[in-house]
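Here's the structure we're looking at; comments come further down.
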2 protein chains.
Amino acid sequence: MATIGDVARVAGVSRSTASYALSGKRAISLEVRQRVDEAVRELGYTPNAGARALATAQTHVLGLLVQFLEDEFAPAMLQYMLGVSNVARELGYDILMVTDPDGAGSLERITDSRMVDGVILLNVADDDLRLPVLRTASQPSALVGLPADCTGLDVFDLDFAEAGRVMVDHLADLGHREVVLISQPEHVVERGGAYVWRLRDAALAQAAARGVLLHAVYGEAQQPAVGRCLNDVLDRFPTSTGLLVHNEAAAVALPAVLQARGLTSPADLSVIGRYSDEFARTFSLPYSSIDSAPDRLGRMAVRQVVRRIENPGLHEPHVVRFIPPELVDRASTAQARSR
Amino acid sequence: MATIGDVARVAGVSRSTASYALSGKRAISLEVRQRVDEAVRELGYTPNAGARALATAQTHVLGLLVQFLEDEFAPAMLQYMLGVSNVARELGYDILMVTDPDGAGSLERITDSRMVDGVILLNVADDDLRLPVLRTASQPSALVGLPADCTGLDVFDLDFAEAGRVMVDHLADLGHREVVLISQPEHVVERGGAYVWRLRDAALAQAAARGVLLHAVYGEAQQPAVGRCLNDVLDRFPTSTGLLVHNEAAAVALPAVLQARGLTSPADLSVIGRYSDEFARTFSLPYSSIDSAPDRLGRMAVRQVVRRIENPGLHEPHVVRFIPPELVDRASTAQARSR
DNA sequence: CTGAAAGCGCTTACAG
DNA sequence: CTGAAAGCGCTTACAG
């Protein structure tokens, strides 16, 4: 493999001149620049990333920490990963993907060894073990998901509380008086998935305020439990006219369950989910939904990390940014009537 | 951040001794080893990955090239990615994930700049633009998926031809005389997805040999086209008693379609899919299937690349390895009867 | 506008 | 069993 020394020799200049000609960091005579460019072409020269990283203390790599947990629906995570990866590439960064179940350990490893310039954390838990590591790391980072303590962290998340209110308001406005909310499995909450109760508690409060009876239940994440759970809920709350689905696996399973019971939405049941547009397309989900906007959140997180990486001077205060929920109407809700 | 120089100073030894004490590459007195270990702990020392890569010409990073194409079902790719990522970690490698649509360009970039020690390619096309790049790269690589020309490449794939035969045999043995095969969208074939016709052609040949009338049709990859297509197929071939689904999106959509038409499997229709166990679980697919074994293929590919990386001496011939299809019985097939 | 030199943080022959 | 030194391939002050 050709080195910059080879380029310099072929172009008949010093290594520093060759380097500057390539980086454009100082003025170079047209003639020299052309000779260098020519040498680069001739040799097929590409700078060695490791050497550059060592010299500049910048790897142009971002760590992406994902966890695939049993009680979460894996395909939903993919959306976030792709969002992050695509934006990173636009901004000139590569992605080191870490799927290790021992997130904290891996995080420490990739930051301490300076493999990455910054880090993006997905599926953040309330009391995430990775956060202490992150706070002592010297690289900037951003979270997608809200932990209990945001001190010293940049955090991006959907405003789940507002999402809960929007869902309830939407059905209340249509005259629904009894509604069921199916959340993620209870285990997700125990593990620190605060978004579950953030949405649920706000929904409950709003329901109370609007005079709506809201039954909040935990769902399941894997089949066949999901299907059973949905049937169970429909059996237990026969007079409910609305269904809020804060659970991707349940949303995916719902069409078959409704069909089996001879129910149609919105005629028999008004349904609102919470998933991205892309997700709805992939699984052909016919329900209106609060857009979880994974691409947008991924984009915000990456941008923020890159800003901090590239402007080490500015010590801007850390931000906690909630994006407002948007209801994508797929005509799965209607005026309430009894089932 | 502490360097090995700091460690050496604190331990009162030379940098080389500190380095050897850590790598274990030469005998070190117990006392010195302890002093070095103590210094490492005290300073929280972690070797700088870039510097090590420069010195050893090994990054311990593997490139993982994935493409998310419109006409493929994204969640199916995830299985392969996780398989690769997990095995890589077991073997001490990190994953640089590249999702760039310009696979060839990205591949050249990460190999030429020596960001990776080796490369794993997913969704390989018959005439894949990335292959010429791979052949000139100095790092070893492995493909999951069979291209037209395997020269100089290590290739791992499911034996799709045999899979087609197994599917047909299974139904033929049960007395089915007319069967439909739904493949991936035609566009996948045009793009070079040879696995589609490898399975189809073998299925057609076997069907002819067994006296089975096999209708081979292309499916769709996205809703709502998938559902329409399935209904269409069931309308067009009303006397078929078996359905072979070589199309993840169609498999996911099938339960709802059958239910809507009042059909049950296997009573009304014997169904065999082709997807992994994990996929079946995630989507609650009740159909027997040829296991696509993404984890196993990922594991084989990574192992092979790592073997080549770590034994640069042995110039073993390249391998093209097909794994034999296994039918996972989920009781969705039965003796043929007319619909 | 260009060059010689130092330095980034490691590893590993070479010497003793 | 240990150390001094060279080298991996870049970048970037320092000098002219």
Side-chain angles (χ1 to χ4, degrees), chain A residues 1-37 39-40 43-61 109-117 138 310 312, chain B residues 1-37 39-40 43-61 109-117 138 310 312:
Chain A
M1 215 68 216
T3 72
I4 196 152
D6 300 324
V7 171
R9 190 163 25 73
V10 169
V13 297
S14 72
R15 298 194 311 157
S16 58
T17 298
S19 177
Y20 282 119
L22 290 174
S23 69
K25 288 193 182 167
R26 76 178 181 194
I28 299 281
S29 72
L30 182 63
E31 195 223 331
V32 165
R33 161 163 299 142
Q34 286 173 339
R35 286 215 311 271
V36 170
D37 287 349
V40 165
L43 296 166
Y45 170 73
T46 306
N48 179 300
R52 177 173 280 177
L54 185 57
T56 61
Q58 295 242 326
T59 62
H60 274 259
V61 173
R109 187 171 57 76
I110 66 171
T111 51
D112 282 358
S113 67
R114 319 222 135 238
M115 298 183 79
V116 296
D117 293 341
S138 44
E310 299 184 352
Chain B
M1 216 67 213
T3 73
I4 197 153
D6 299 325
V7 171
R9 189 164 25 73
V10 169
V13 297
S14 71
R15 298 195 311 158
S16 57
T17 298
S19 177
Y20 282 118
L22 291 174
S23 69
K25 287 192 183 169
R26 78 178 180 194
I28 298 282
S29 70
L30 182 63
E31 194 223 331
V32 165
R33 162 162 300 141
Q34 285 173 341
R35 286 217 311 272
V36 170
D37 287 349
V40 165
L43 296 166
Y45 169 74
T46 305
N48 179 300
R52 176 173 280 178
L54 185 57
T56 62
Q58 296 242 325
T59 62
H60 274 258
V61 174
R109 187 171 57 75
I110 67 172
T111 51
D112 283 358
S113 67
R114 320 222 134 238
M115 297 182 79
V116 295
D117 292 340
S138 43
E310 299 184 351

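Since this is a predicted model, take the numbers as computed values, not measurements.
At the heavy-atom level, A:T3 lies under 4.0 Å from the strands shown only through sugar-phosphate atoms. Nucleic acid contact for B:T56: sugar-phosphate only, since backbone atoms but no base atoms lie under 4.0 Å from a heavy atom of the residue.
In this structure, A:R114 places its CZ atom 12 Å from C1' of C:dG9, rounding to the nearest Å. One atom, CG of A:N48, and another, P of C:dG9, lie 17 Å apart when rounded to the nearest Å. We find that CZ of A:R52 is positioned 19 Å from P of D:dC8, with the value rounded to whole Å. If you take OH of B:Y45 and C1' of C:dG9, they are 7 Å apart, rounded to a whole angstrom. One atom, CZ of B:R9, and another, P of D:dG3, lie 15 Å apart when rounded to the nearest Å. In this structure, A:Q34 places its CD atom 14 Å from P of C:dC1, rounding to the nearest Å. Per the geometry, CG belonging to B:D6 stands 13 Å off C1' belonging to C:dC10, to the nearest Å. Whole-Å rounding puts the B:R15 CZ to C:dG9 P distance at 10 Å.
A sub-4.0 Å separation between OP1 or OP2 of C:dT11 and a side-chain N or O of B:S23 is absent. Note on A:T17: every side-chain N or O is 4.0 Å or more away from OP1 and OP2 of C:dT2. Neither OP1 nor OP2 of C:dT11 sits under 4.0 Å from any side-chain N or O of B:K25. Distances shorter than 4.0 Å separate some side-chain N or O of A:S29 from OP1 or OP2 on C:dT2.
Between A:M1 and B:D112 there is a side-chain heavy-atom pair separated by less than 4.5 Å. Put simply, the side chain of A:R26 reaches to within 4.5 Å of the side chain of A:T17, judged on heavy atoms. You'll find the side chain of A:I28 reaches within 4.5 Å of the side chain of A:Y20, heavy atoms only. Put simply, the side chain of B:I110 does not reach to within 4.5 Å of the side chain of B:V61, judged on heavy atoms.
Nearest-nucleotide positions on DNA chain D for B:S14 and B:L54 put B:S14 closer to the 5' end. Nearer the 5' end of DNA chain D, as judged by each residue's closest nucleotide, is the contact made by B:A18, out of B:A18 and A:S19.
When all heavy atoms of A:D117 and A:H60 are compared, the closest pair comes out as OD2-N, 2.6 Å. The two residues B:L54 and A:A51 come nearest to each other via the heavy atoms CD1-CB, 3.7 Å. Nearest heavy-atom pair, B:A39 versus B:V10, reported as atom, atom and distance to 0.1 Å: CB-CG1, 3.6 Å.
Considering only side-chain atoms of A:I28, the nucleotide from D:dC10, C:dT2, C:dG9 that sits closest is C:dT2.
Side-chain atoms of A:T3 and A:R15 form no donor-acceptor pair, as typed in the model, at a separation below 3.5 Å.
Pair assignment for C:dG3: D:dC14, on the basis of Watson-Crick or G-U wobble contacts that are both within less than 3.5 Å.
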Using a cut-off of under 3.5 Å, enumerate the N/O to N/O pairs linking the protein to nucleotides 13-16 of chain C.
unit_1	atom_1	unit_2	atom_2	d
C:dA13	N7	B:Y20	OH	3.1
C:dA13	N6	B:Y20	OH	3.3

